[in-house]
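Predicted model only: the values in this text are computed from it and were never measured. By convention in this document, chain letters (A, B, ...) are assigned in the order of the sequence lines, proteins followed by strands, and residues within each chain are numbered from 1.
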Amino acid sequence: MLDIKLIRENPGLVKTGLTNKNDNHRIDELLELDKKRRELITLGDELKNQKNKVSEEIPKLKKAGTDTQPLFEEMRQLGEKIKKNDDELRVIEEEFEKILLFTPNLPHESVPVGKSAEDNLEVRRWIPEGLNIETKKEVLDHIQLGKNNKILDFDRGTKITGSGFPLYTGRGATLERALISFMLDFHIRNHGYTEVMTPFIVNKDSMRGTGQLPKMADDMYFIERDGLYLIPTAEVPITNIYRNETLEEETLPVKFVGYSPCFRREAGSYGRDSKGFLRVHQFNKVEMVKFVKPENSYDELESLVANAEAILKALNVPYRILLLCTGDLSFSAAKCYDIETWSPAEHKWLEASSCSNFESFQARRANIKYKAGGKKGEFVHTLNGSGLATSRLMVSLLENNQQPDGSIVIPEALRPYTGFDVIEPNRS
RNA sequence: GGAAAGGUGCCGGAGUGGUUGAACGGGCUCGCCUGGAAAGCGAGUGUACUGCGAAAGUGGUACCGAGGGUUCGAAUCCCUCCUUUUCCGCCA
């Protein structure tokens, strides 16, 4: 949520930022409602003040034996006026609130202005020594590899649930579990994160806190009976750990890492990239979340990206880093780097991580503050990044490590976790 | 799922319709005292919105789990929901 004071004081700046984010903003409408809202608040407060004053007098008058009946009548009328005013205010505030909740975050000044993904900026790439991704090689894709090695069974996943719900079997399931454990341990031991294991189903307040609601409601699985949502990312429960709380300054930065399955309906994208792992409704992800002081948040974003990169280097997976342009930024983000891993079979880059700084956008929605000594509380800045999503990572991992004989070599770093160093066809 | 009892400020804990933003105690902050400290004494100690002000500040409104209602007036009465504890049932 944007600060209404900022919008009031710099409407031009806000509008430009939103336009760059491809948002059809309603700032003028919002400001008008804000004005009306404040008028009604002032009027209502005056009426209530009058009411309180008289209420205070009544017991005194009663004691003095004065007849208070005429006052009661007057007060009843005043009460009706107040009610009418409050009703009017409620309508205005609901609309005001709604527009504000649908208004995305502003892009940071360091974000390149652009319309779409094509305007994203590649800031660096890392290719393992000896690997050449330019020349197209004849390789099997992850679906074929999964089948041949009996480690991925998309057909049966579809039977069990529906398309986009993968089934891992044998060494495939073990590899998936190993990846998750490896990544968690890596961040805990090398990057100073504290592990959390959260609920995977959350309430509306949590979804609103991180910005999924109200705008992205259609993209989420909703349990009608309980009014609860399946999480699309661990960002939601982890960030909401501190919803409605004030942290002590010296505890910052707080760095959490947690595993969760992620559930996404992917409404409106049927048929696009639908093959195998490229776009699924359920996948696994290790997520990093930070709560930091505002003045540090952009340094923290850089280190967040570096933390995710370290995993890929350790696994010897080729990747590149994109700085998203204003038009491709997500709703809540002020600045975001995507990490894409290389798929030789698709001969293209696949998004495996998104690392974002939300500044105070989520903190304001979720009411997360920090306090220094006796000073007034301020909103923290929140960040999060995948470190990483296993599905797309698995594609790169399998395809890049396949051998001419059809087997797949497990990267050195993962072997303590898998307990085997190769996956071969004809064994389960 | 059934039954009962609770949810008050940083913490403990009063308060069952009328100067209660909230007694009392603890904590914390500042001051006095001291060579220093403890003890003691004095003062202060929430958040949000909104008006005025350049600011310090100051006026108002709201907030005693959340949301409604009754009343001239609600922390106090009524309704709904959430949550905690205990007991019963069920169960990994």
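Base pairing analysis places rG57(B) opposite rC52(B); the two distances defining the Watson-Crick or G-U wobble pair are each below 3.5 Å. Shown here, rG89(B) forms no base pair; nothing in the strands shown gives a Watson-Crick or G-U wobble contact with both key distances under 3.5 Å. In this entry rA37(B) has no Watson-Crick or G-U wobble partner, no candidate having both defining distances under 3.5 Å. Partner assigned to rA74(B) is none, using Watson-Crick or G-U wobble distances below 3.5 angstrom. Of all nucleotides present, only rC82(B) satisfies the Watson-Crick or G-U wobble test against rG7(B), with each distance under 3.5 Å. Across all strands shown, the partner of rC24(B) is rG12(B), judged by Watson-Crick or G-U wobble contacts whose two distances both fall under 3.5 Å. With a 3.5 Å ceiling on both atom-pair distances, the Watson-Crick or G-U wobble partner of rG42(B) is rC30(B). For rC64(B), there is no paired base (Watson-Crick or G-U wobble, both distances below 3.5 Å).
Rounded to an integer number of Å, the gap from CD1 of Ile82(A) to P of rU70(B) is 14 Å. Here rC72(B) presents its C1' atom at 16 Å from NZ of Lys83(A), a figure rounded to the nearest Å. Here the C1' atom of nucleotide rC49(B) and the CG atom of Leu40(A) are 14 Å apart, to the nearest Å. If you measure from atom CG of Leu71(A) to atom P of rG18(B), you get 19 Å, rounded to the nearest angstrom. For the pair Gln69(A) CD and rU71(B) C1', the computed distance is 13 Å after rounding to whole Å. Going from atom CG of Asp86(A) over to atom C1' of rU50(B) covers 14 Å, rounded to whole Å. Distance CD1 (Ile58(A)) to C1' (rG17(B)): 13 Å, rounded to an integer number of Å. Rounded to an integer number of Å, the gap from CD of Glu80(A) to P of rU71(B) is 11 Å.
Of the charged side-chain nitrogens involved, none lies within less than 4.0 Å of a carboxylate oxygen, so that Asp328(A) and Lys115(A) do not count as a salt-bridged pair. The pair Arg8(A)-Asp34(A) meets the salt-bridge criterion, with a side-chain N (NZ, NE, NH1 or NH2) lying under 4.0 Å from an Asp/Glu carboxylate O. Taking the charged nitrogens against the carboxylate oxygens, Glu249(A) and Lys371(A) have no contact shorter than 4.0 Å, which rules out a salt bridge. Look at Glu266(A) and Arg279(A) and you find a salt bridge, because one of the NZ, NE, NH1 or NH2 atoms lies within 4.0 Å of a carboxylate O, short of that distance. No salt bridge links Asp87(A) with Lys84(A); every basic N to acidic carboxylate O contact stays at or beyond 4.0 Å. A salt bridge links Arg364(A) to Asp3(A): one of the charged nitrogens lies within less than 4.0 Å of a carboxylate oxygen.
Checking the phosphate oxygens (OP1, OP2) of rA48(B), a side-chain nitrogen or oxygen of Lys369(A) falls inside 4.0 Å. A sub-4.0 Å separation between OP1 or OP2 of rU50(B) and a side-chain N or O of Arg37(A) is present.
Between the side chains of Asn52(A) and Ser55(A), not a single donor N or O lies within less than 3.5 Å of an accepting N or O.
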**Prompt:** How does protein contact run along nucleotides 51-67 of chain B, one letter per nucleotide 5' to 3', with B for base contact, S for sugar-phosphate only, - for none, heavy atoms under 4.0 Å?
**Reply:** S--------BSS-----

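The main-chain N or O of Arg243(A) is never found under 3.5 Å from a side-chain atom of Asn240(A) such that the two would form a donor-acceptor pair.
Nucleotides rG21(B) and rU83(B), compared at atom C1', are 25 Å apart to the nearest Å. Rounded to whole Å, the separation between the C1' atoms of rU76(B) and rG1(B) comes to 33 Å. Rounded to a whole angstrom, the distance from the C1' atom of rA22(B) to that of rG46(B) is 12 Å.
Set against rC49(B), rC72(B), rG18(B), the side chain of Lys5(A) has rC49(B) as its closest nucleotide.
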